[in-house]
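Comments concern the structure below.
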Amino acid sequence: MFEKLMEYQSEDRKLKAIEDELRGSEEFKKYAKATKFLKTVNESKAQIEDRAKSLLSAMDDLTEKYNKLVEEKGEFDEATSAEEESTVAFLKKKSQELAAQFSSLESELDSLKKNMDELLRQYKKLTVNTKEMMAVRDENKKKYEELLKSKEAEKAAITKKLEEIAKDVPPEYMAKYKEKRKDNKFPIVYEVVIAKDTHCSACGTELSKLQVSQLQKDKMIECENCRRLIFVKE
């Protein structure tokens, strides 16, 4: 029973080697990177657009304040021409306040303009990068599909052999193996000879008495430390 499971694992290792080769190929890496980038484009554009709306709203508010200040200054200039010398000090102070407000508003408007220019630069860069990544994705998708096709026959032969071996492995053990297979860590199954040693053959951790007892009963368990499958022969 477990000899067949080990045979299955040995054959499955060949399939994993092909999978690793495919995932490690430059074609796949470039395709995956471009695809990942393109998935974030809409979100990035939305963030830029939201920021732009916020800046435009702030720009409108500052422009309104600036126009009101211009209007106030005009009224002040008209009033000062008719005032007597006794109010000169007050008018001078008021003039200084208006000048300071103008300076502050102009500084804020300038800062907003710079932020808008930077946002526009980011949007243009994102547009260019998107176009480039679409080309990279399409080119490497085609190359990766060709690479996949070149491995189809070899994978099919291994898969067929695995199906034949699996027929001689109890379903419950095969199910545990396939579940662990998703972790993409090899080897998956190790043998433990508890008559000689009570350590996990995968990580070397000493098994607890409870685990040893469970192993003797169920014949195959999961190591509490490394999560690999360990079995004991009858």
Side-chain angles (χ1 to χ4, degrees), residues 4-56 114-190 202-203 220 222-223 225-229:
K4 281 294 181 180
L5 186 58
M6 293 298 283
E7 182 184 349
Y8 185 97
Q9 177 170 259
S10 179
E11 197 65 27
D12 193 22
R13 189 192 290 271
K14 298 176 186 177
L15 187 60
K16 183 180 183 299
I18 295 174
E19 293 170 353
D20 289 345
E21 179 186 347
L22 291 170
R23 280 194 294 266
S25 67
E26 286 301 311
E27 293 86 352
F28 177 78
K29 289 178 181 178
K30 290 178 181 179
Y31 170 66
K33 182 180 179 180
T35 300
K36 183 178 180 180
F37 172 84
L38 292 171
K39 284 181 179 178
T40 67
V41 168
N42 288 337
E43 183 181 349
S44 297
K45 283 186 175 180
Q47 290 175 350
I48 291 175
E49 289 168 358
D50 287 345
R51 177 61 176 156
K53 288 177 183 178
S54 177
L55 289 176
L56 285 172
K114 289 179 179 177
N115 287 335
M116 288 294 290
D117 289 343
E118 173 59 19
L119 210 57
L120 181 60
R121 185 194 69 78
Q122 291 177 15
Y123 193 87
K124 287 180 177 179
K125 183 180 179 181
L126 181 62
T127 301
V128 170
N129 288 345
T130 300
K131 187 176 180 180
E132 291 175 347
M133 282 299 184
M134 286 178 69
V136 170
R137 179 199 60 188
D138 294 345
E139 178 185 356
N140 285 279
K141 180 183 178 182
K142 184 178 180 180
K143 290 181 178 179
Y144 181 61
E145 287 174 346
E146 291 173 352
L147 187 59
L148 282 174
K149 190 174 182 180
S150 71
K151 298 292 182 178
E152 281 180 359
E154 188 178 357
K155 287 180 67 178
I158 295 172
T159 300
K160 184 178 180 180
K161 192 169 182 180
L162 287 172
E163 290 171 352
E164 289 298 318
I165 299 171
K167 293 176 182 178
D168 296 322
V169 180
E172 62 271 25
Y173 295 132
M174 200 70 253
K176 287 182 179 180
Y177 179 93
K178 289 185 176 180
E179 183 62 29
K180 280 296 171 185
R181 177 67 158 80
K182 296 175 184 178
D183 295 340
N184 204 34
K185 295 179 180 179
F186 267 71
I188 296 170
V189 184
Y190 290 79
C203 66
M220 185 166 74
E222 181 181 293
C223 173
N225 182 59
C226 68
R227 320 313 296 183
R228 303 293 178 90
L229 296 176

Arg228 versus Pro187, closest heavy-atom pair with distance: NH1-O, 2.7 Å
Residues Val136 and Lys30: closest non-hydrogen pair is CG1-O, 3.9 Å
Minimum-distance pair of heavy atoms, taken over all atoms of Cys226 and Cys223: N-SG, 3.5 Å
Which atom pair, heavy atoms only, marks the closest approach of Ile48 to Leu119? O-CD2, 3.6 Å
Hey, are Glu49 and Lys45 close enough for a salt bridge, meaning a charged N less than 4.0 Å from a carboxylate O? no
Are any of the side-chain nitrogens in Glu7 or Lys4 under 4.0 Å away from the carboxylate oxygens of its partner? yes
Presence of salt bridge, Glu11 and Lys14, under 4.0 angstrom: yes
Tell me, with the steps shown, if Lys29 and Asn140 meet side-chain contact (heavy atoms from CB on, under 4.5 Å). CA-CA 9 Å; Lys29 289 178 181 178; Asn140 285 279; over 6 Å; no
Begin from the C-alpha positions of Phe37 and Thr130 and carry the test side-chain contact (heavy atoms from CB on, under 4.5 Å) through to its verdict. CA-CA 8 Å; Phe37 172 84; Thr130 300; 4.1 Å; yes
Angle between ring planes, Tyr144 versus Tyr31, binned at 30° and 60°: parallel, tilted or perpendicular? parallel
For the pair Thr127 (side chain) and Tyr123 (backbone), establish whether a donor and an acceptor sit closer than 3.5 Å, ignoring hydrogens and angles. yes
Non-hydrogen side-chain atoms of Lys167 and Glu163 separated by less than 4.5 Å: no
What verdict does the salt bridge (Lys or Arg N to Asp or Glu O under 4.0 Å) test give for Asp12 and Lys16, after you've listed the backbone C-alpha separation in whole Å, the side-chain angles of each residue and the deciding distance to 0.1 Å? CA-CA 6 Å; Asp12 193 22; Lys16 183 180 183 299; over 6 Å; no
Measuring from atom CG of Leu148 to atom NZ of Lys155, what distance do you get when rounded to the nearest 0.5 angstrom? 6.5 Å
Taking all atoms of both residues into account, what is the closest heavy-atom pair of Phe186 and Gln9, and its distance? CE2-O, 4.1 Å
Could you go through Glu222 and Lys180, starting from their C-alpha distance and side-chain angles, then the distance that decides it, and tell me whether this counts as salt bridge (Lys or Arg N to Asp or Glu O under 4.0 Å)? CA-CA 10 Å; Glu222 181 181 293; Lys180 280 296 171 185; 3.0 Å; yes
Which atom pair, heavy atoms only, marks the closest approach of Met174 to Ala166? SD-CB, 3.8 Å
Within this structure, what is the NZ-CG distance for the pair Lys125 and Leu120, rounded to the nearest 0.5 Å? 14.0 Å
Please walk me through it: do Ile158 and Ile18 pass side-chain contact (heavy atoms from CB on, under 4.5 Å)? CA-CA 10 Å; Ile158 295 172; Ile18 295 174; 3.8 Å; yes
Reported CZ-to-CG distance for the pair Arg227 and Asp183, which is rounded to 0.5 angstrom: 10.0 Å
Is any side-chain N of the basic residue among Glu118 and Arg121 closer than 4.0 Å to the acidic one's carboxylate O? yes
Show your reasoning for whether side-chain contact (heavy atoms from CB on, under 4.5 Å) applies to Val189 and Tyr177. CA-CA 8 Å; Val189 184; Tyr177 179 93; 3.6 Å; yes
Indicate yes or no: does Glu179 engage Lys182 in a salt bridge with an N to O separation below 4.0 Å. yes
I need the Lys160 NZ to Leu162 CG distance, nearest 0.5 Å. 12.5 Å
Separation between CD (Glu26) and NZ (Lys33), nearest 0.5 Å, reads 10.5 Å
Hey, what do you get for CE (Met6) to CD1 (Ile188), rounding to the nearest 0.5 Å? 10.5 Å
